[in-house]
Amino acid sequence: MKPKLLFAVVTTAFMGVAGNVAAENIITWETLGNSYTPEAGNKYIQRFTIEADVPFERVAFCSFKRGMNPVDPADSIFEILPGYYAVSSPRFSRASASEPIVVDIVTDGSLGNISFIPDGMHLVAAGRPVSARNVRRSIISTPSRYTRPGTSGISDNMIYGPEAYAVNDSLRTSLRPEPYKGIPTPKSVKLTGKKVLRPDAASVKVVKVSDSRHDYWRARIDGRKLTVYTNSDTPDAIVTSLMARIDDAATTDGKVPGAVIEDWADLPYRALMIDVARNFTGADDMKSIIDLMAAYGLNVLHFHVGDDEGWRVEIPALPELTQVGARRGYTTTDDVPFLKQIYSGDGNPDSTGTPANGYYTVDQYIDLLRYAKARGIDIIPEFDTPGHSRAAIRAMEYRYRTTGDASLRLIHDGDTSAYTTAQDFHDNLMNPALDGPYKFWDIVMESLVDTYNRAGVPLRAIHIGGDEVPAHAWDGSEAANRLMAEKGMKHQRELHAWFVERVAKIAARRGVRIAGWQEIALDHSPAYDAAVRPQVAAVNCWTSTGDYGRQIASQGYPLILSNVDYLYFDQAHTRHPQEPGLTWGGIVDEFSPLHATVERLCPGTADVQDNVEGISAQLFAETVRSRAMIERYILPRLLGLAERGHNTAATLSDEEYFGALTAEMDIWAADSRNFFMRQPGIRLNAGKVEMNDAYGKGEIRYTIDGTEPTRDSALYTAPLDAAGIAQVRARLFYGPAESATSILDIN
C-alpha cells in the first residue's frame, strides 16, 4: 500500500525479562545533530550511551534502513533484518556500571522527526538478549538536531511560536454544532420549538421499517418516550448514538429541545483500518477503539492482522502461524520458532510488555467479532498476500523443518529471484506457481468461516492484500518460469493475476467474497476482470497520484476511497519535529479527511461514482506502541472520516468542522482519551510575550530556561514582560493530551 518505513518512536521504556541481569541496564539514545558537507552529503550522528553492569557482546536496535558507519574503528555494525541492526565491539567485554560505553554511528540522511528515532534497543550477552531500559533524549534541544542542511540551504521543519500563533488565531472559532447536529451531520433536524423532558434509554422503542437507504433511522423527541424507526440490523448502535446526541443537548434542568431527526449514511462502507501485524494491540484496547468507531457511525473495522512482520489471529490447523508469526526477538537466523525483531521489542520473543508479541486466540477473536457487531461494525480481516507475506512464509518453513510436510511451503528451494520491496525486504513473496499458497489459503479461509459462524456474525469479506509486488519478483523461480511458459504469460503481472484469481475461486467455494488493494483491479485482462470482479467486495485505492480511483470505479469494481494524502492516519499531523508520524505521503492534518470527497478522489460521471462503495482511513502501525498512540493518531481526524462517509456532499465549512471537533475534545478528555492538539502560539508584541491556543481549552504551560514544558511548569495566564528572557517554550495540556512544543527566540 505504501513504502512503509522501518523505524519507530516510543516515549516510554519497554522492560522485558531476558537473561539474568543483576541490575538495570540503560541504553540512552541521542542525536548530535544534522550536518552537511559537499564530500559526505547529509549526515547525522546517533549516540548510544550504554550503562551495563555485566560484559556483553552486542547492542541491537530497530531503526529505519539507512547507511550507517561506526565512528570508533573497533566497532562494527551489521544488518540483522532491514530495520534491525546490531553493533559489536571488543570494548563491550569491559563493560561495568561505573563506566558507560559510548557508541557513535554516522548515519546517512537527516533526522526529520521523532518517528525516526531508534527503538527496541537491547543488549546481547552469551548469544542471548538482555533487556535494557530505553531512554531517548529530545531532538529539539538545539536547531542542529532537527534542521536539515543541504546543497540548497537549511530546511527547518520547526513550527515556531509566531507561526503557530497566527494559525491558532485563524482557526479558533465560537461556532459549535446546533442541538443534535454533531458529527456525522444528520440529514434532517427539525426543532419543534418546545423544551421537553429528556427521554432515557429505558423508554426507547425500536420499530423496524423497510427502507433502502443505509442505516436509515427517524426519531421524534417529544418527551419521556422515544420511538426510533430504523432498517438497521443493529438498532442498539443507532439508539446509543442518538442518546449521546440527546445527552449533549440536555440542559441542567433535564430538558432537551423537541425535535424530529431523520438520518442515513450515503456510503454503505465506512471503515477504519487498524494494523496490528506490525505492532500488536490487545483485545481490550481494540474494544475501546471499536467504541470510538461506533460513536461516529463507522461500520467496518478493516483489521490488518497478517503482514511481513506478524500474524495475529490463531488458525488452529496451522499453529505455526502464531507460534512463529506472533513472536519477535533477537536472532541472526530464520531457523527458529519466532521472527526477527523489527519496530519494537526487547529481544525476547516471549515478553508480554512489548507490542512486538501477541495474537488473538479463536475465542478472543470471536469475542471481538460479537462486540463489534453489537455496535454495528463488521470486521474484515486482512492477510496481505502474495507480497507482505514474510511472517506466513517463515511460519510454513518452520512447519516444513519440524514436520517434514512440504505441501504448505509458500516458496521453493533453488529460487534465485533478486528483488527489493518498498520495505526493503528480499524474501517476503509467496510463489504463485506452487500449490502450497492455495492449500494454505484454503485452510485459512476454512478456519475464518468457522470462526465467524461460531461468533454468529457475517463474514463480509476477506481482504487478501495483493499490493506492492516488486518487479522481477519471480525471475529466478524455475516453477514460476515454467508456469508462465505453459500459460503463455508475457509479464509477471499476469502471474500475480493468476494468484489473485485462484484465491478468489477458493473464497467463492467457501461462500466468501474478497477485498484487496488497488493492484487487484488495475491493468488486468478483460478475462481476469470478468472472472474476479463478481467476487470482489471492496478495492482500496491508496495512492495519491494518477487517476486510479476513477479507473477502478469505471471498471465496475466497488471502490473504497483510501488515498494516502487524505486518509492515512499514520502520516504526521504537522511538520513539527516532535510530531509523530510518517511523512512519505505528506502531511495529513485534521482537515484532510473532511476534504476526501468523491468528486476529488473519483472524478467522473454519475454512473462511475455510483461504484464508490465507501471510504476508509488507514493506520499502519510502524510507529504505534499503545492504545493512547492510536487515539492520538485517529482523533480528531476520525471526525472528518465519519463526516465524509456519512455525507458525500459537502456539509460543513472548515470553521464549522473545527468548532465541532473543539466541542468533542471535552468528551475525549472526560473519557481519558488521548488526542492530537495543535501547539500553542507564542509571539512578542510591544515588549510582552503573548500566547494563545486554537481551542480555548486546556492549560498552556511554559518555561524560560530552555527546558521542555511539563504539566508542572508555569501556567500562562497573562502576557509576560519579555525583559531578560532569551527563549520561551510552551505546550498545551488538556486531559491526557498534550501538544508539541512551541519555541519563541527573543534574543
Side-chain angles (χ1 to χ4, degrees), residues 271-287 289-290 300-328 337-339 349 352 355-373 377-386 388-396 398-399 408 410 428 430 437 439-466 503 506-507 510 512-516 619-621 624 630:
L272 177 65
M273 193 218 80
I274 298 290
D275 169 17
V276 296
R278 290 174 177 82
N279 281 302
F280 186 64
T281 299
D284 288 343
D285 285 335
M286 280 308 308
K287 287 180 178 179
I289 300 304
I290 287 169
V300 174
L301 170 59
H302 175 169
F303 214 13
H304 195 91
V305 289
D307 208 294
D308 291 318
E309 304 89 348
W311 186 285
R312 306 298 189 177
V313 173
E314 180 185 18
I315 306 296
L318 301 174
E320 297 84 2
L321 283 171
T322 46
Q323 181 183 7
V324 175
R327 302 165 68 228
R328 299 199 299 245
F338 58 89
L339 301 176
T352 58
N357 307 325
Y359 68 94
Y360 309 108
T361 66
V362 170
D363 287 343
Q364 287 174 325
Y365 195 71
I366 287 173
D367 183 51
L368 268 181
L369 292 173
R370 290 171 175 166
Y371 189 89
K373 192 60 181 176
I377 294 172
D378 294 323
I379 296 180
I380 295 179
E382 178 186 356
F383 306 91
D384 208 341
T385 55
H388 289 275
S389 294
R390 192 175 192 276
I393 290 169
R394 299 321 319 163
M396 292 303 96
Y398 183 75
R399 179 186 179 92
L408 283 162
L410 308 175
N428 73 338
M430 294 184 181
K439 182 177 180 181
F440 172 86
W441 259 119
D442 196 37
I443 293 172
V444 169
M445 288 187 179
E446 180 182 32
S447 180
L448 291 171
V449 169
D450 178 67
T451 297
Y452 277 72
N453 284 341
R454 286 177 55 191
V457 303
L459 177 52
R460 188 163 179 164
I462 296 174
H463 203 294
I464 68 168
V503 173
I506 294 169
R510 297 286 180 190
V512 178
R513 301 180 77 194
I514 65 167
L619 180 59
F620 289 98
V624 170
I630 293 176

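Predicted model, so just to flag it, every value in this text is computed and none were measured.
Atom CD1 in Ile443 sits 12.0 Å away from atom CG in Leu448 (nearest 0.5 Å). One finds the CD1 atom of Ile393 at 8.0 Å from the CG atom of Asp308 (value rounded to the nearest 0.5 Å). Put simply, CE on Met445 and CG on Leu459 are 9.0 Å apart, with the number rounded to the nearest 0.5 Å. Interatomic distance, CG of Leu368 versus CD1 of Ile377, reported as 11.0 Å (0.5 Å rounding). Rounded to the nearest 0.5 Å, atoms CD (Gln364) and OH (Tyr359) are 8.0 Å apart. For the atom pair CD1 (Ile380) and CE (Met273), the distance works out to 12.5 Å, reported to the nearest 0.5 Å.
Residues satisfying the salt bridge (charged side-chain N to carboxylate O under 4.0 Å, His left out) test with Asp450, not counting sequence neighbours, are none. For Asp285, the side chain to side chain contact (heavy atoms under 4.5 Å, CB included) test picks out Thr281, Arg627, with sequence neighbours left out. For Ala392, the side chain to side chain contact (heavy atoms under 4.5 Å, CB included) test picks out Trp311, Leu321, Leu410, Met430, Phe440, with sequence neighbours left out. Applying the side-chain hydrogen bond (donor to acceptor under 3.5 Å, both in side chains) criterion to Asn357, with sequence neighbours excluded, gives no partner residue. With sequence neighbours excluded, the residues satisfying side-chain hydrogen bond (donor to acceptor under 3.5 Å, both in side chains) with Asp363 are Arg454. Qualifying salt bridge (charged side-chain N to carboxylate O under 4.0 Å, His left out) partners for Arg390, counting only residues two or more places apart in sequence or in other chains: Asp334, Asp427. The side-chain hydrogen bond (donor to acceptor under 3.5 Å, both in side chains) check on Tyr365 picks up Tyr452, with sequence neighbours excluded. Every residue meeting the side chain to side chain contact (heavy atoms under 4.5 Å, CB included) condition with Phe280, not counting sequence neighbours, appears here in chain and number order: Val276, Arg312, Tyr360. Qualifying salt bridge (charged side-chain N to carboxylate O under 4.0 Å, His left out) partners for Lys287, counting only residues two or more places apart in sequence or in other chains: Asp367. Residues satisfying the salt bridge (charged side-chain N to carboxylate O under 4.0 Å, His left out) test with Glu320, not counting sequence neighbours, are Arg399.
By the 4.5 Å heavy-atom criterion applied to side chains, Met286 and Ile274 are counted as neighbours. Counting heavy atoms from C-beta outward, Thr385 and Val503 have side chains that stay 4.5 Å or more apart. Within the 4.5 Å cutoff, side-chain heavy atoms of Pro458 are placed close to those of Lys373. With contacts defined as side-chain heavy-atom distances shorter than 4.5 Å, the pair Arg510/Ile462 does not qualify. Looking at Val624 and Pro355, their side chains never come closer than 4.5 Å, going by heavy atoms from C-beta outward. Between Pro337 and Arg327 the shortest side-chain heavy-atom distance falls below 4.5 Å.
Thr451 places a side-chain N or O within donor-acceptor distance of the main-chain N or O of Ser447, the cut-off being under 3.5 Å. The backbone N or O of Gly466 sits less than 3.5 Å from a side-chain atom of Asp384, completing a donor-acceptor pair.
Using a cutoff of 4.0 Å between basic side-chain nitrogens and carboxylate oxygens, Asp275 and Arg278 are scored as salt-bridged.
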Audit row: Asn279, Arg328, side chain to side chain donor-acceptor pair (under 3.5 Å) steps and yes/no: CA-CA 10 Å; Asn279 281 302; Arg328 299 199 299 245; 3.2 Å; yes
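Taking the six-membered ring where the residue is Trp, the centroids of Phe383 and His463 are separated by 6.0 Å or more.
Under the salt bridge (charged side-chain N to carboxylate O under 4.0 Å, His left out) criterion, the residue pairs touching residues 456-466 are Asp378-Arg460, with sequence neighbours excluded.
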